[in-house]
Protein chains: 2
Amino acid sequence: MTKSPAPERPKLGEFLCFAVYSANLAFGRAYRPILEKLGLTYTQYVALVALWEQDDQTVGELGEKMFLESNTLTPILKKLEQSGFIERRRDPADERQVRISLTPKGSELRSHEIGNELFDATGLGDSFFDVQKSVAKLRDNLMRSLGD
Amino acid sequence: MTKSPAPERPKLGEFLCFAVYSANLAFGRAYRPILEKLGLTYTQYVALVALWEQDDQTVGELGEKMFLESNTLTPILKKLEQSGFIERRRDPADERQVRISLTPKGSELRSHEIGNELFDATGLGDSFFDVQKSVAKLRDNLMRSLGD
DNA sequence: GATAATTCAAGCGCATACGATGAAATCGGA
DNA sequence: TCCGATTTCATCGTATGCGCTTGAATTATC
């Protein structure tokens, strides 16, 4: 019997899901020392970025952009409120909704350009934006395939 | 005073860190329904993949490949042991180390080709492997930059 | 051969992340 | 108007993920 051609099973490092999984851990660790001086966690930072793009959002809108449910977002937003970066208050027109808005302290942070500090660390050079687009596309495709 | 040209601050979706962050969430959700039929979580699955590549590793070696610390890995491995996928036992030569090895049940799972089921869902086509390489490179660059 | 330094897994506290559920407010049809 | 369905946020339980610390075992040094 001839030995099978051995389909060369991919090694762990070659799995895309694993690459994304570990790259996310790497980003978290790279950001940690920068953010912890500001008293922020990585997820809290992402929430602030979303609010810089569009202030005064409801919990649901913010969650849609961050791909998070309210049950995950609520404790994070309460922390950001405690730290004085944001305000949470019920919408008078619809008391079911909680609107999130930046405080001056939260807005001010925007000028720190934290994200730019890590551009070099990615080592991607000119392909940075291509990778960014590809990964975003990957995410959107996966999300869409879940809706079926 | 002339209005500044507005450096066009990147929107949230344009941040690479956010793309990776959300793509990781998307992968987790895509894998969940497949894996939960097998009684596995996403991280538990990644650990099994690492063991398929190389059986009989120590907790430390496994953690190095998965970019996880032993404190994170230990409870995950205990779950996998309870579920009957792996065995944990102290290395007689160095009793500090715990060696992890696959049970028949754990090895058998390899033939399910779970990863292949999601290839189409990524919608990347031929660029799949390019993206995989880019993201792995990104991760390695970030990790290396942390060592400085 | 005793002691100090190192290594390694494990325990603890905190912070996400998600499914299931609950509670309050709103909406919509009879 | 009234009552059930829906929307929206919050709570609870479980599972990662990390920094810090602990305790056991090995290695290095004298």
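Here is how names work: the chains are called A, B, and so on, in the same order as the sequence lines, proteins then strands, and each is numbered from 1. As the structure is a prediction and not an experimental result, all values here were calculated from the model. Hydrogens, waters and symmetry mates play no part in the numbers below; they use all other heavy atoms, side chains included.
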Spacing between B/Y42 atom OH and D/dT16 atom C1', to the nearest angstrom: 13 Å
Side chain B/S127, main chain B/D130, donor-acceptor under 3.5 Å: no
Applying side chain to side chain contact (heavy atoms under 4.5 Å, CB included), can you list everything that pairs with B/D91, at least two apart in sequence or on another chain? B/A93, B/Q97, B/R99
Between C/dT16 and A/T43, is there an OP1 or OP2 to side-chain N/O distance shorter than 4.0 Å? yes
B/E61 CD to C/dT7 P: how many Å, rounded? 15 Å
I need the full list of side-chain hydrogen bond (donor to acceptor under 3.5 Å, both in side chains) pairs touching residues 16-34 of chain A, with sequence neighbours left out, sorted by first then second residue. A/S22-B/R139
Take atom CG of B/L77 and atom C1' of C/dG11, then tell me their distance rounded to the nearest Å. 15 Å
Check: A/K65/A/Q57 side-chain N/O donor and acceptor closer than 3.5 Å: yes
Assign B/A47 to base, sugar-phosphate, or nothing according to its heavy-atom contacts below 4.0 angstrom with the strands shown. nothing
Which pairs of donor and acceptor atoms, one on a side chain in residues 67-87 of chain B, lie under 3.5 Å apart (sequence neighbours left out)?
unit_1: B/T74; atom_1: OG1; unit_2: B/S70; atom_2: O; d: 2.8
unit_1: B/E81; atom_1: OE1; unit_2: B/R88; atom_2: NH1; d: 3.3
unit_1: B/S83; atom_1: OG; unit_2: B/K79; atom_2: O; d: 2.9

Nearest-angstrom distance from the residue atom CZ of A/F67 to P of C/dA17: 13 Å
Minimum heavy-atom separation for B/L142 and A/A23, please, with both atom names. CD1-O, 4.4 Å
Give a yes/no answer on whether the side chain of B/K78 brings an N or O atom under 4.0 Å of OP1 or OP2 in C/dG11. yes
Mind checking B/L68 for me? I need base, sugar-phosphate or nothing, with any heavy atom below 4.0 Å counting as a touch. sugar-phosphate
Using OP1 and OP2 only, check whether a side-chain N or O of A/Y21 sits under 4.0 Å from D/dG17. yes
Taking only residues two or more places apart in sequence, or in another chain, which ones meet A/T103 in a side-chain hydrogen bond (donor to acceptor under 3.5 Å, both in side chains)? none
For residues 26-37 of chain B, which residues have at least one heavy atom under 4.0 Å from DNA chain C? B/R29, B/R32
Judged by each residue's nearest nucleotide on DNA chain C, which is more toward the 5′ side, A/T41 or B/R88? B/R88
Distance criterion of 3.5 Å, no angle test: do you see the side chain of B/N71 paired donor-to-acceptor with the base of D/dG19? yes
Tell me what A/R99 touches on the nucleic acid: a base, only sugar-phosphate, or nothing, going by heavy atoms under 4.0 Å. nothing
In whole angstroms, the gap separating C1' of C/dT21 from CD of A/E69 amounts to 14 Å
Summarise protein proximity over nucleotides 1-8 of chain D in one line of letters, 5' to 3': B for base, S for sugar-phosphate only, - for none, counting protein heavy atoms closer than 4.0 Å. ------BS
May I have the step-by-step check of ring-ring contact (aromatic ring centres under 6.0 Å, His included) for B/F27 and B/Y42, ending in yes or no? CA-CA 9 Å; B/F27 259 125; B/Y42 185 49; 7.1 Å; no
Please determine if a side-chain N or O atom of B/T74 lies less than 4.0 Å away from the OP1 or OP2 oxygen of C/dA10. yes
Whole-Å distance between D/dT14 P and B/I76 CD1? 17 Å
Can you tell me the distance, in whole Å, between the CD1 atom of B/I100 and the C1' atom of C/dA10? 13 Å
Tell me: CZ of B/R90 to C1' of C/dT7, nearest whole Å? 13 Å
NA contact type, B/S70, heavy-atom cut-off 4.0 Å: base, sugar-phosphate, or nothing? base
Identify whether any heavy atom of A/L25 sits under 4.0 Å from a base atom; if not, whether one sits that close to sugar-phosphate; answer base, sugar-phosphate or nothing. sugar-phosphate
Correct closest heavy-atom pair for A/N141 and B/T122 would be ND2-O, 2.8 Å
In terms of heavy-atom contacts, B/L51 and B/D56 come closest through CD2-N, 4.4 Å
